[in-house]
Amino acid sequence: QVQLVESGGGLVQPGGSLRLSCAASGRTFRMYARAWFRQAPGKEREFVATISLRSGSILYADSVKGRFTISRDNAKDTVYLQMNSLKAEDTAVYYCAARESTRVLTAQFEYNYWGQGTQVTVSS
């Protein structure tokens, strides 16, 4: 089994920054595909960013390009999401996900392990 634990969420003012972490444990060998998704109230879960722990390839949703940065620490088996210039529309529960794959994956159905989520609220 694989466990994913997110942390770092909270309340931040518009224009502020937060860094989310997703620590993986368990049978994570070959779980190279890691991603962040988010779900705002009343909306469907959407893709935010993905990274391959093997190749370092990265993809972002257009809505976060230039503001969010996904990164990895393979030694700690942890993926991060640095979020800058936050907007009210970034308010959501943020989930990390993992999959045994060397590719970068952007669709929810492609991931089979999920964390419990961490709330990010952007408000003045």
Side-chain angles (χ1 to χ4, degrees):
Q1 273 293 2
V2 174
Q3 294 80 42
L4 302 174
V5 179
E6 302 99 334
S7 60
L11 173 64
V12 63
Q13 293 187 344
S17 299
L18 280 176
R19 188 176 84 151
L20 306 183
S21 299
C22 175
S25 61
R27 299 171 65 89
T28 61
F29 184 63
R30 295 196 187 96
M31 292 284 174
Y32 299 120
R34 306 288 175 92
W36 289 96
F37 290 79
R38 66 186 181 185
Q39 187 167 20
K43 295 188 177 181
E44 294 189 353
R45 193 174 297 187
E46 64 175 3
F47 166 73
V48 175
T50 183
I51 187 168
S52 168
L53 298 188
R54 184 166 184 176
S55 68
S57 297
I58 290 173
L59 289 174
Y60 294 101
D62 287 344
S63 59
V64 306
K65 273 182 188 174
R67 300 188 299 121
F68 290 11
T69 302
I70 190 170
S71 61
R72 60 184 176 164
D73 184 333
N74 286 17
K76 295 182 179 179
D77 209 348
T78 298
V79 172
Y80 304 96
L81 186 68
Q82 177 67 43
M83 306 186 295
N84 298 329
S85 302
L86 282 161
K87 306 174 182 179
E89 50 263 44
D90 295 318
T91 295
V93 178
Y94 283 71
Y95 298 89
C96 68
R99 165 75 188 259
E100 186 176 315
S101 174
T102 59
R103 296 157 50 212
V104 284
L105 307 171
T106 62
Q108 287 188 61
F109 72 85
E110 294 176 302
Y111 289 90
N112 49 358
Y113 291 100
W114 293 84
Q116 81 289 349
T118 185
Q119 176 70 47
V120 171
T121 302
V122 185
S123 174
S124 55

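Note that this is a predicted model, so its numbers are computed, not measured. Side chains included, hydrogens not; waters and symmetry mates left out as well; all remaining heavy atoms used.
The shortest distance between side-chain heavy atoms of Val79 and Trp36 falls below 4.5 Å. Between Phe29 and Val2 there is no side-chain heavy-atom pair separated by less than 4.5 Å. With a 4.5 Å cut-off on side-chain heavy atoms, Leu4 and Tyr111 do not count as touching. Between Ile58 and Arg72, the closest side-chain pair of non-hydrogen atoms is not below 4.5 Å. Within the 4.5 Å cutoff, the side chain of Met83 has heavy atoms near those of the Val120 side chain. When side chains are defined from C-beta on, Tyr113 does not count as touching Glu100, because their heavy atoms never get closer than 4.5 Å. Between Leu53 and Asp77 there is a side-chain heavy-atom pair separated by less than 4.5 Å. Using a 4.5 Å heavy-atom cutoff, the side chains of Gln108 and Glu44 are not in contact.
In this structure, Tyr60 contributes its side chain and Ile70 its backbone to a donor-acceptor pair below 3.5 Å. The backbone N or O of Thr69 sits nowhere less than 3.5 Å from a side-chain atom of Gln82 that would complete a donor-acceptor pair. Between the side chain of Arg54 and the backbone N or O of Thr102, no donor-acceptor pair lies under 3.5 Å. Side-chain atoms of Thr78 come within 3.5 Å of backbone atoms of Lys76 as a donor-acceptor pair (strictly under, hydrogens ignored). The main-chain N or O of Glu110 is found under 3.5 Å from a side-chain atom of Arg99 such that the two form a donor-acceptor pair.
For Tyr94 and Arg38, the side-chain atoms include at least one donor-acceptor pair closer than 3.5 Å.
Judged by the 6.0 Å distance and 45° axis criteria, Arg19 is positioned over the aromatic ring of Tyr80.
Looking at Leu20, Leu18, Leu81 one by one, the single match for side chain to side chain contact (heavy atoms under 4.5 Å, CB included) with Thr118 turns out to be Leu20.
Pro41 and Thr91 make their closest contact through CD-O, 4.4 Å (heavy atoms, listed as atom of the first residue, atom of the second, distance). Listed here is the closest heavy atom pair of Ser85 and Ser17: N-OG, 4.4 Å.
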**Item:** Lys65/Asp62 under salt bridge (charged side-chain N to carboxylate O under 4.0 Å, His left out): CA gap, chis, key distance, verdict
**Value:** CA-CA 5 Å; Lys65 273 182 188 174; Asp62 287 344; 3.2 Å; yes
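Tyr32 contributes atom OH, which lies 15.5 Å from atom CZ of Arg103 (distance to the nearest 0.5 angstrom).
Ring-plane geometry between Trp114 and Phe37 is classed as tilted, the angle between the planes lying from 30 to 60 degrees on a 0 to 90 degree scale.
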